[in-house]
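Throughout, numbering of the chain's residues begins at 1 and tracks the sequence.
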Amino acid sequence: MNSREKWKIKSCPSEQKERLANELGISQLLAGVLINRGIDTREKGEIFLNPEKFEYLDPYLLPDMRLAVDRIIEAISKKEKIVVYGDYDADGITSTSLLLMILGELGADVDYYIPNRFSEGYGLNAKALDSLADKGTQLIITVDCGVKSLDEIKEINSRLDVVVTDHHIPGDELPEAVAVVDAHRSDSRYPCPELAGVGIAFKLCQGLWQELRKEALGDRGIELVALGTVADSVPLIGENRRIVSVGLKAIEKTSIVGMKALLEVAGCSDKKITSTHVGFYLGPRINATGRLRSATIGVELLTCDDPEKAAQLAAEINSINDERKKLKDDMQLEAEEQLKNVDIDNRKVLVVVGNDWHQGVLGLLASSLETKYYRPVIVISMKDGIGKGSCRSIPGFNLYEALDRCNDVLEQFGGHEGAAGLTIREDKIDEFTNLIEAEASRQMTPEQFIPFYDLDQEISPLEVNMEMVEELERLQPCGMKNESPLFCCRGVRGAYASLIGNEQQHLRFSVVDGRKSITALAFNMAADINDISRIDTEPLDVVYEFNINEWQDTRQLQCFIKSMGTPIGDEVEVKPDRVFLKNLYIFLKECKTKGKRVTNDAEWLSVRMRLAGIHAQGEACAAGLKIFEELGLLAVDSSGTLQLVEGTGKMNLQDSPTFCRYNEL
């Protein structure tokens with residue numbers, strides 16, 4: 001039950017927690033969690049804890065909003081044909097659906113177009129624009145795309161007008177459109193630049209509605225905005241927090257026929273909807289349409305007003321999502337088999353290549369492998385000598401910068417720090433693998449390859465009561481930059497451990513102290529425990545979050561276990577004395593026995609030892625390796641691999657000058 005993670009426990013002065021708790025009338029537990037998130041004043045706390053009181057920001061603070069609104073109103077009044085040009089992910093699908101709904105209510109002649117992920121790719125497509133112009137389209141409104149489609153917009157300008165609404169970071173030059181509405185523009189004054197694409201579309205709807213109906217849009221279509229915002233994993237702070245907080249409640253009571261059908265097939269009807277439901281059940285189903293088929297199915301569902309048709313579309317989407325999960329699982333089995341032949345212990349970036357893997361699932365596979373191995377991952381699907389790849393990173397490794405430095409061997413690439421895509425020729429993959437590995441060594445220290453948990457407080461689950469956990473629910477909606485609070489506790493006592501789940505893959509036990517108990521659930525952790533009776537007999541170090549289980553009109557406090565076992569300690573100074581040298585020798589011998597290669601990199605070796613639960617430090621490892629060389633116990637071959645020499649007889653450590661120097665002998 002050894003943990004592979006470090007614990008990074010946030011801390012704030014008790015006086016600060018007490019002050020904020022008194023000012024807001026909350027517990028010090030919640031006050032500490034708020035302070036950890038930068039909510040450290042009464043004013044910030046009141047806004048954060050009451051997001052529905054947060055007023056929507058003025059849409060005209062967004063650059064070019066007036067130009068966009070005026071041009072669209074002109075198109076509506078002249079009965080011009082408008083086409084909403086969207087993207088094939090959940091953000092683009094909800095953005096498209098929202099604009100279709102609102103523009104339709106405002107009397108516009110409006111249709112939509114979403115490119116095919118596989119044949120057209122992301123962004124505006126020149127052939128598609130020409131085709132739309134040929135069919136009489138006079139105005140294109142982009143959603144969740146367009147800010148980097150400079151050439152495509154310039155070429156079509158003589159035939160139709162384009163209004164760009166996007167949330168991606170623009171390049172040095174903006175497209176020559178009628179308007180470019182993007183909160184990330186350098187001249188933007190908008191206080192919440194983190195809006196999703198659907199958030200920007202919502203602001204456009206607010207501006208249009210106010211001008212044409214002379215009243216506020218209110219929360220019309222807010223379900224769609226919340227769905228796209230959560231699915232796109234933008235920070236749930238500022239205006240996004242208000243959007244999602246109101247939107248989740250609206251989803252529960254939605255009058256949107258397609259949303260009701262989606263809730264039904266996802267098993268979320270009659271539930272209190274949280275960002276977790278959207279992120280794990282609703283969003284993936286909408287995303288699956290664009291990943292495997294056509295995103296138009298998602299738009300058809302969310303704009304459908306026929307319950308029978310909506311039920312059919314939702315069932316089709318559910319089937320597509322099941323196919324997506326199976327594809328991803330099958331691809332992961334292939335990738336894992338491939339990784340058996342990779343020296344993962346000494347790899348800083350994992351590159352896996354499959355023959356004609358489905359491109360729509362590459363990102364999901366990359367994310368899954370990154371989570372499991374805590375390495376930057378690049379997944380490439382090869383077809384006819386050309387590979388299309390999806391990349392995911394870990395904190396500290398800038399993917400975009402790394403790919404830019406490997407540009408000479410790539411056909412093309414794009415993305416940002418944490419996620420990217422690329423195209424590469426098959427004969428360049430080996431060279432690319434070496435270059436990206438070297439780039440990881442350049443950017444990162446070995447220490448950064450140790451996974452970690454950001455923890456709010458060290459506290460026993462038994463110290464918290466139902467009222468305190470109910471109060472923590474005021475942090476909802478949780479997501480990026482407002483993650484669910486995580487806690488830790490050392491030396492927890494467990495009892496009544498059992499296996500649960502269809503495949504006995506989960507664990508359930510009680511945390512006890514002789515007087516009180518609380519149910520603990522550890523999902524998908526059964527495989528990590530050889531003998532579950534150890535839970536009942538050995539103290540546990542746990543990372544967990546609280547949950548309230550509601551069943552048959554009863555409410556029970558429980559905790560979800562994220563990690564069990566001894567956390568990896570911070571690096572501390574270790575002297576290369578007899579104890580350390582014994583541990584180092586045992587570690588090297590075990591690696592040799594298991595056929596695991598060890599390189600002549602003391603810092604990397606120290607990280608591997610710490611991951612194995614051994615106190616180690618780079619300098620001590622370097623000294624230890626030198627001592628073993630001096631004693632004839634160790635050799636380094638031409639590839640930089642350490643070779644342990646056994647059977648040399650009894651050694652006297654004092655025969656090593658390095659040992660004597662470090663131990664002052």
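Considering every non-hydrogen atom in both K592 and L644, the closest pair reads NZ-O, 3.2 Å. Nearest heavy-atom pair, A616 versus S606, reported as atom, atom and distance to 0.1 Å: CB-O, 3.8 Å. For the pair A288 and I320, the tightest heavy-atom approach, listed with the atom from each and the gap, is O-CG2, 3.5 Å. Taking each heavy atom of P461 and I518 in turn, the nearest pair found is CB-CG2, 3.9 Å. Shortest non-hydrogen contact noted between D541 and P567 is OD2-CD, 3.6 Å. In plain terms, the two heavy atoms of I243 and V225 that are nearest each other are CG2-CG1, 3.5 Å.
Judged by the 6.0 Å distance and 45° axis criteria, R241 is positioned over the aromatic ring of F48.
Other residues, nucleotides and ligands contribute at most 12 non-hydrogen atoms within 6.0 Å of the CD atom of E573. The number of heavy-atom neighbours closer than 6.0 Å to NZ of K481, taken from other residues, nucleotides and ligands shown, is 12 or below. Other residues, nucleotides and ligands contribute only 12 or fewer heavy atoms inside 6.0 Å of the OH atom of Y496. The 12-atom threshold is not exceeded at NZ of K272, counting heavy atoms of other residues, nucleotides or ligands nearer than 6.0 Å.
Under a 4.0 Å N-O distance rule, the pair E52/K249 qualifies as a salt bridge. Ion pairing between K340 and E337 holds under the 4.0 Å rule for side-chain N and carboxylate O. Taking 4.0 Å as the cut-off between side-chain N and carboxylate O, E223 and K260 do not count as a salt-bridged pair. The residues D89 and R117 are annotated as not salt-bridged, no charged nitrogen and carboxylate oxygen being separated by less than 4.0 angstrom. Using a 4.0 Å cut-off between charged side-chain N and carboxylate O, K348 and E437 make no salt bridge.
With a 4.5 Å cut-off on side-chain heavy atoms, C488 and I9 count as touching. Counting only heavy atoms from C-beta outward, the side chains of I256 and L262 never approach each other to under 4.5 Å. A 4.5 Å side-chain heavy-atom check between T433 and I378 finds every atom pair outside the cut-off. By the 4.5 Å heavy-atom criterion applied to side chains, Q556 and T519 are counted as neighbours. Within the 4.5 Å cutoff, no side-chain heavy atoms of L557 are placed close to those of N465. Under the 4.5 Å side-chain criterion, counting only non-hydrogen atoms from C-beta, P485 is in contact with R37.
Side chain of N36 to main chain of G32: a donor-acceptor pair is present (N/O by atom type, distance under 3.5 Å, no hydrogens or angles). Counting only distance, with no hydrogens or angles, the side chain of D232 and the backbone of V234 share no donor-acceptor pair below 3.5 Å. N482 places no side-chain N or O within 3.5 Å of a backbone atom of L236 that could act as its donor or acceptor partner.
Summarising the geometry, atom CD1 belonging to I286 is positioned 10.0 Å from atom CD1 belonging to I297; distances are rounded to the nearest 0.5 Å. Taken to the nearest 0.5 Å, the CZ atom of R474 stands 7.0 Å off from the CG atom of L30. Between atom SG of residue C391 and atom CD1 of residue I380 there is a gap of 7.5 Å, rounded to the nearest 0.5 Å. Residue L364 holds its CG atom at 10.5 Å from CG of D329, rounded to the nearest 0.5 Å. For the atom pair CG (L327) and NE2 (H358), the distance works out to 6.0 Å, reported to the nearest 0.5 Å. For the atom pair L34 CG and Q16 CD, the distance stands at 11.0 Å (nearest 0.5 Å).
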Could you please spell out the steps behind the side chain to side chain contact (heavy atoms under 4.5 Å, CB included) verdict for T254 and L263?
-> CA-CA 10 Å; T254 186; L263 288 166; 4.3 Å; yes

Under the side chain to side chain contact (heavy atoms under 4.5 Å, CB included) criterion, do E5 and K562 qualify, and how do the steps go?
-> CA-CA 11 Å; E5 300 87 13; K562 302 296 182 180; over 6 Å; no

R293 vs E323, side chain to side chain contact (heavy atoms under 4.5 Å, CB included): CA-CA, chis, key distance, verdict | CA-CA 11 Å; R293 297 282 196 283; E323 182 183 349; 2.8 Å; yes

Assess whether side chain to side chain contact (heavy atoms under 4.5 Å, CB included) is satisfied between Q448 and F397, documenting all intermediate values.
-> CA-CA 9 Å; Q448 289 176 291; F397 185 62; over 6 Å; no

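The list of salt bridge (charged side-chain N to carboxylate O under 4.0 Å, His left out) pairs with a residue in residues 515-525, not counting sequence neighbours, reads D513-R515.
Y544 and F487 have tilted rings, their planes meeting at an angle from 30° to 60° on a 0 to 90° scale. Using the six-membered ring where Trp is involved, H277 and Y281 have ring planes that are tilted, between 30° and 60° apart.
Taking D343 as the reference, D345, N346, R597 meet the side chain to side chain contact (heavy atoms under 4.5 Å, CB included) condition, with sequence neighbours excluded. In this structure, A311 has no side chain to side chain contact (heavy atoms under 4.5 Å, CB included) partners at least two apart in sequence or on a different chain. The side chain to side chain contact (heavy atoms under 4.5 Å, CB included) search around S460 returns L462, E463, C489, not counting sequence neighbours. Listed by chain and residue number, E336, L339, I344, L350, L369, R375 satisfy the side chain to side chain contact (heavy atoms under 4.5 Å, CB included) test with Y373 (two or more places apart in sequence, or in another chain).
With D322 as the fixed residue, the salt bridge (charged side-chain N to carboxylate O under 4.0 Å, His left out) test singles out one of R324, K326, K325: K325.
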Would you mind writing out the side-chain donor-acceptor pairs for residues 499-511 within the sub-3.5 Å range, not counting sequence neighbours?
from: Q504; atom 1: NE2; to: G501; atom 2: O; distance (Å): 3.3
from: Q505; atom 1: OE1; to: E503; atom 2: N; distance (Å): 3.0
from: H506; atom 1: ND1; to: N524; atom 2: N; distance (Å): 2.9

